[in-house]
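Nothing fancy with the numbering, it's 1 onward along the sequence. Worth saying up front: this structure is predicted, and the values here are computed from it rather than measured.
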Amino acid sequence: MDLCRRDLMGLALATPALIAAREAFAGEAFAGEVRGSIHDFDFFIGSWTVRHRRLRKRLAGNTEWEEFDGTTVCQALLGGVVNLNESKAMRATGPTTGMGLRAYDAKTDTWADWYLSAANPHEIGPPGIGRFANGVGTFLSDETFEGRPIKVRGQFRSLSPGEAQWDQAFSPDGGVSWETNWIMRYSKVSA
């Protein structure tokens, strides 16, 4: 691992928000659930084309969606404990790039999921902390949107050997209701 990646992981893994979120999620009971593993994201390794569907205004009762295309390439690192994907998208406002980073902690049986945007390369937000159950990885974080606290939920799932999906939802009421505001549908190009 190069110095830059090691520094990024060290910085992100040591945040107090991550430690608190990890402890909170680890304390929840999931009856009858199979334990996760470093192989949970194996389906996501490879090159993909992506069809994005993003709500234009979030938590505003808006129903207008922006649609655009992109690509992503995901690789496993550290024997599968980490996976990293670089994404490119072509929005009407211009191209965007970013990086998704996920790391598995076998002690708590949870994954941490971060996103780093090339537009703000010195800012990495709190990770979503979660695990897979019944083929769906659900990751939760507490964040702020337009000055108010919200919960953020990201979900990953394999739809078939050649298709996957990620979606994001916000909750302004502590998780009572959710507004899905971004859906990414992946089509595999190569392993």
Report task. Might you point out which heavy atoms bring Leu55 and Trp65 nearest each other, and give the distance in Å? Result -> N-CE3, 3.3 Å

Report task. Evaluate the side-chain proximity of Arg51 to Glu67: yes if any heavy-atom separation is below 4.5 Å, no if none is. Result -> yes

Requested in this report: Any salt bridge (Lys or Arg N to Asp or Glu O under 4.0 Å) involving residues 149-170? Give me the pairs, sequence neighbours left out, ordered by first then second residue.
Outcome: Asp142-Lys151, Arg157-Asp167

Query raised in the report: Is the distance between the ring centroids of Trp111 and Phe41 under 6.0 Å?
Result: yes

Query raised in the report: For Glu146, what residues pass the side chain to side chain contact (heavy atoms under 4.5 Å, CB included) criterion, not counting sequence neighbours?
Result: none

Report summary line: CG (Asn62) and CD (Glu64) are apart, to the nearest 0.5 Å, by 6.0 Å

Pairs of donor and acceptor atoms involving the side chains of residues 79-88, under 3.5 Å and at least two apart or interchain, shall be tabulated with distances.
unit_1, atom_1, unit_2, atom_2, d
Asn83, OD1, Arg102, NE, 2.6
Asn83, OD1, Arg102, NH2, 2.8
Asn85, OD1, Arg102, NH1, 3.3
Asn85, OD1, Arg102, NH2, 2.6
Asn85, ND2, Thr72, OG1, 2.9
Asn85, ND2, Ser87, OG, 3.0
Ser87, OG, Thr72, OG1, 2.9

Report summary line: Heavy-atom closest pair (Asp113 atom, Phe156 atom, distance to 0.1 Å) is OD2-CE1, 3.5 Å

Query raised in the report: Can you name the side chain to side chain donor-acceptor pair (under 3.5 Å) partners of Trp48, sequence neighbours left out?
Result: none

Report task. Can you measure from CG (Asn181) to CZ (Arg54) and round to the nearest 0.5 angstrom? Result -> 7.5 Å

Query raised in the report: Any side-chain heavy-atom pair from Thr49 and Val189 closer than 4.5 angstrom?
Result: yes

Donor-acceptor pairs under 3.5 angstrom involving side-chain atoms of residues 91-100: please list them, not counting sequence neighbours.
unit_1, atom_1, unit_2, atom_2, d
Arg91, NE, Glu66, OE2, 3.1
Arg91, NH2, Glu66, OE1, 2.8

Query - Ser141 (side chain) donor-acceptor with Glu143 (main chain) under 3.5 angstrom - result: no

Requested in this report: Flag the pair Asp69 / Met90 as yes when at least one side-chain heavy-atom distance between them is below 4.5 Å, and no otherwise.
Outcome: no

Requested in this report: Verify, without hydrogens or angle tests, whether Lys188 (side chain) and Ser160 (backbone) share a donor-acceptor contact under 3.5 angstrom.
Outcome: no

Report task. Using the rule that two of Ile, Leu, Val, Met, Phe, Trp, Tyr join whenever any of their side-chain heavy atoms come within less than 4.5 Å, decide whether Phe139 and Trp166 are in one cluster. Result -> yes

Report task. Grab the two heavy atoms, one from Ala60 and one from Lys57, that are nearest each other, plus how far apart they are. Result -> CB-CB, 4.2 Å

Requested in this report: Might you point out which heavy atoms bring Thr108 and Arg131 nearest each other, and give the distance in Å?
Outcome: O-NH2, 3.0 Å

Query raised in the report: Roughly how far apart are Arg53 CZ and Met184 CE, rounded to 0.5 Å?
Result: 14.5 Å

Report task. Not counting sequence neighbours, which residues clear side chain to side chain donor-acceptor pair (under 3.5 Å) with Ser171? List them please. Result -> Asp173

Query raised in the report: Is the side chain of Asn120 donor-acceptor paired with the backbone N or O of Ser117 at a distance under 3.5 Å, no angle test?
Result: no

Query raised in the report: Hey, what's the ring geometry for Phe43 with Phe132, parallel, tilted or perpendicular (30° and 60° as the breaks)?
Result: perpendicular

Query raised in the report: Can Glu179 and Arg58 be counted as an ion pair, charged N to O under 4.0 angstrom?
Result: no

Report task. Measure the shortest side-chain to side-chain distance between Leu116 and Glu123 over non-hydrogen atoms and say whether it is less than 4.5 angstrom. Result -> no

Query raised in the report: Any side-chain heavy-atom pair from Ile150 and Leu59 closer than 4.5 angstrom?
Result: yes

